[in-house]
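Heads up, the thing below is written out as structure tokens.
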Amino acid sequence: MLDKIKELVSRWRSVQEIDSLTDRDLDDLGMTRAQVTQFALMPHDVPGRLAAMAAIFDLSAADLKRDYTAYLDLLGTCGSCRDRAACTRVLARGDLSKPADCGFCPNAESFAELAA
């Protein structure tokens, strides 16, 4: 319980810091305030999950980050995914997982397009 309270306080502080960013700061980051807030509040494992799922489609982290705006969209989609359990199962299978196993993934179509 105490850990959850600490996490909530930490997230609240992060949002406060984001709110204090100037438009110039946001321009330097190449992100909108909403994107920075979404990124700060998403589960910490999302970038790793995104990279692992993309690897099933034979995409590297560099492939994902080639278009930074698209990468942020992929992160946002992954961070708001409602089927983390299916994702966990597919990722746990490692090299045995194939793109056909990822129909639940809201980024699957984007990964397939990037891989093509």
Side-chain angles (χ1 to χ4, degrees):
M1 181 67 155
L2 185 58
D3 288 338
K4 285 208 177 258
I5 293 171
K6 286 180 181 178
E7 182 179 339
L8 285 172
V9 170
S10 174
R11 288 177 183 247
W12 179 79
R13 285 183 181 147
S14 294
V15 170
Q16 296 302 311
E17 289 178 29
I18 293 165
D19 286 344
S20 71
L21 293 172
T22 66
D23 289 341
R24 182 176 171 90
D25 294 332
L26 293 168
D27 285 343
D28 288 346
L29 290 172
M31 298 172 76
T32 66
R33 190 174 311 278
Q35 287 173 319
V36 175
T37 301
Q38 182 182 25
F39 185 74
L41 297 178
M42 74 176 51
H44 297 292
D45 66 343
V46 169
R49 280 179 176 270
L50 180 70
M53 187 62 74
I56 293 171
F57 289 80
D58 292 325
L59 295 168
S60 68
D63 293 330
L64 291 178
K65 295 177 183 178
R66 191 165 289 124
D67 179 343
Y68 188 66
T69 302
Y71 175 66
L72 294 177
D73 288 341
L74 291 169
L75 276 174
T77 300
C78 186
S80 61
C81 181
R82 304 226 184 254
D83 208 348
R84 288 175 58 90
C87 182
T88 298
R89 285 190 299 275
V90 167
L91 295 179
R93 292 181 55 209
D95 291 340
L96 298 176
S97 293
K98 304 294 178 215
D101 301 328
C102 305
F104 64 89
C105 178
N107 281 324
E109 187 175 320
S110 296
F111 292 148
E113 288 174 7
L114 284 170

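Quantities reported herein were computed from a predicted structural model and do not represent experimental measurements. When a residue number appears, it is its place in the shown sequence, counting from 1.
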TODO: Quick one: closest heavy-atom pair of Q35 and G30, and the distance?
DONE: OE1-O, 4.4 Å

Task: Exam field: side chain D63 to backbone S60, donor-acceptor pair closer than 3.5 Å - done: yes

Open item on the list: If you compare all heavy atoms of I18 against all heavy atoms of R33, which two are closest, and at what distance to 0.1 Å?
Closed with: O-NH1, 2.7 Å

Task: Distance-minimising heavy-atom pair for A112 and F57 - done: N-CD2, 3.9 Å

TODO: With rounding to the nearest 0.5 Å, note down the distance linking CZ in R93 to CG in D101.
DONE: 4.5 Å

Task: Short side-chain donor-acceptor distance under 3.5 Å, R89 and S97 - done: no

- [ ] First locate atom OG1 of T22, then atom CG of D28, and finally report the distance between them rounded to the nearest 0.5 Å.
- [x] 7.5 Å

Task: Donor-acceptor contact present, side-chain D19 to main-chain Q16, <3.5 Å - done: no

Task: K65 side, atom NZ; L72 side, atom CG - distance, nearest 0.5 Å - done: 10.5 Å

- [ ] Working to the nearest 0.5 Å, report the span between CE of M31 and OG1 of T69.
- [x] 10.0 Å

- [ ] To the nearest 0.5 Å, tell me how far D25 CG sits from S20 OG.
- [x] 8.0 Å

Task: Smallest separation among heavy atoms of F111 and L59, with atom names - done: O-CD1, 3.4 Å

Open item on the list: Here's a test for you: under side chain to side chain contact (heavy atoms under 4.5 Å, CB included), which of L74, L64, L91 qualifies with M53?
Closed with: L91

Task: Heavy-atom pair of closest approach, residues G79 and P43 - done: O-CD, 4.1 Å

Task: Point-to-point distance, once rounded to the nearest 0.5 Å, from CG of D73 to SG of C78 - done: 12.5 Å

